[in-house]
Amino acid sequence: MPKYMLIMRGTDESNAAMMANIDEMMATTRQFIEDLFKAGVYVAAEGLDDPAQGVVVDFSGEAPVVTDGPYGETKELFGGFFLLDVASKQEAVEWAKRVPAAPGAKIEVRRVPGSDEVPQVDG
């Protein structure tokens, strides 16, 4: 079966809303992961630390430039992911609709290509 990644995206506002109800959000997320596990589609799930603790390495110029977070120019922040082993994109979308998310957040659904689909480098 193909794997699909459900990528959690948020804004400063949706992240603040999530943090305001963090105990409830964690409980519903644990239940969601349990549901994924019981359905046999769970592969992995991880959340990320506060964006203010991260950095961006920008390759726009001649040399990479490192900028500390938070990032004023960023409209959406990558907050974490769920990796599922499901039969189809539609099944992944159905699970994405069930992700516990704060108002304003988005879930991006992307297929993870198998190793047989990735070009191999000889050498």
Side-chain angles (χ1 to χ4, degrees):
M1 288 200 299
K3 290 184 180 81
Y4 282 86
M5 184 174 280
L6 310 183
I7 302 167
M8 299 181 294
R9 297 196 178 275
T11 62
D12 289 338
E13 294 80 15
S14 67
N15 287 346
M18 181 186 70
M19 293 308 290
N21 297 310
I22 192 65
D23 291 337
E24 179 182 337
M25 183 63 68
M26 293 302 292
T28 56
T29 300
R30 279 191 292 276
Q31 181 60 55
F32 178 70
I33 291 171
E34 187 175 313
D35 293 346
L36 293 170
F37 188 77
K38 286 179 182 175
V41 299
Y42 176 86
V43 176
E46 295 289 338
L48 298 177
D49 197 4
D50 181 347
Q53 302 302 314
V55 299
V56 170
V57 180
D58 185 346
F59 293 89
S60 298
E62 283 187 32
V65 175
V66 178
T67 306
D68 289 334
Y71 326 106
E73 72 281 358
T74 302
K75 301 270 191 276
E76 290 184 350
L77 301 168
F78 174 65
F81 70 91
F82 298 95
L83 185 59
L84 311 181
D85 195 357
V86 294
S88 67
K89 179 166 67 172
Q90 186 56 43
E91 185 179 355
V93 168
E94 291 305 315
W95 281 108
K97 290 178 183 178
R98 296 177 56 186
V99 171
K106 297 178 183 176
I107 303 295
E108 179 180 345
V109 178
R110 302 271 304 269
R111 191 173 72 82
V112 178
S115 60
D116 59 331
E117 298 176 272
V118 178
Q120 302 298 311
V121 178
D122 294 328

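Along the sequence shown, residues are numbered consecutively beginning with 1.
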Spacing of CE belonging to Met18 relative to OG1 belonging to Thr29, to within rounding of 0.5 Å: 8.5 Å
Closest non-hydrogen atoms of Arg111 and Pro113, given as atom of the first, atom of the second and distance, are O-CD, 3.5 Å
Working to the nearest 0.5 Å, report the span between CD1 of Ile107 and CE of Met5. 12.0 Å
Test applied, side chain to side chain contact (heavy atoms under 4.5 Å, CB included); reference residue, Phe82; option that passes from Phe32, Tyr42, Tyr4: Phe32
Can you see which heavy atom on Leu84 is nearest to which on Val43, and at what distance? C-CG2, 3.9 Å
Looking only at heavy atoms, which two atoms of Gly104 and Ser14 are closest? And how far apart? C-CB, 3.9 Å
Taking every heavy atom of Val57 against every heavy atom of Pro64, the minimum-distance pair comes out as CG1-CB, 3.8 Å
Between Val109 and Trp95, is any pair of side-chain heavy atoms under 4.5 Å apart? no
Taking atom CD as the centre, does Gln31 end up with more than 12 heavy-atom neighbours from other residues, nucleotides or ligands that are less than 6.0 angstrom away? yes
Does Val55 share a hydrophobic cluster with Val65, counting links as ILVMFWY side-chain heavy atoms below 4.5 Å and allowing steps through other members? no
Over 12 non-hydrogen atoms of neighbours within 6.0 angstrom of CZ in Phe78: yes
If hydrophobic clusters are built from ILVMFWY residues whose side chains come within less than 4.5 Å, do Met25 and Leu48 share one? no
Out of curiosity, Thr28 OG1 to Asn21 CG, how far, rounded to the nearest 0.5 Å? 9.5 Å
Sidechain N-carboxylate O distance under 4.0 Å for Glu108, Arg110: yes
For salt bridge (charged side-chain N to carboxylate O under 4.0 Å, His left out), just list the numbers for Glu34 and Arg30, CA-CA rounded to whole Å, side-chain angles, deciding distance to a tenth of an Å, and then say yes or no. CA-CA 6 Å; Glu34 187 175 313; Arg30 279 191 292 276; over 6 Å; no
Salt bridge between Arg98 and Glu94, side-chain N to carboxylate O under 4.0 Å? no
Residue pair Gly10 / Asn15: nearest heavy atoms and the distance that separates them: CA-OD1, 4.2 Å
Verify the cluster assignment for Met8 and Ile33: are they in a single hydrophobic cluster under the rule of side-chain heavy atoms below 4.5 Å apart? yes
Would you say the side chain of Val93 lies within less than 4.5 Å of the side chain of Gln90, judging by non-hydrogen atoms? yes
Are Val99 and Ile7 joined in one hydrophobic group, where the rule is that I, L, V, M, F, W and Y side chains link up if heavy atoms are under 4.5 Å apart? no
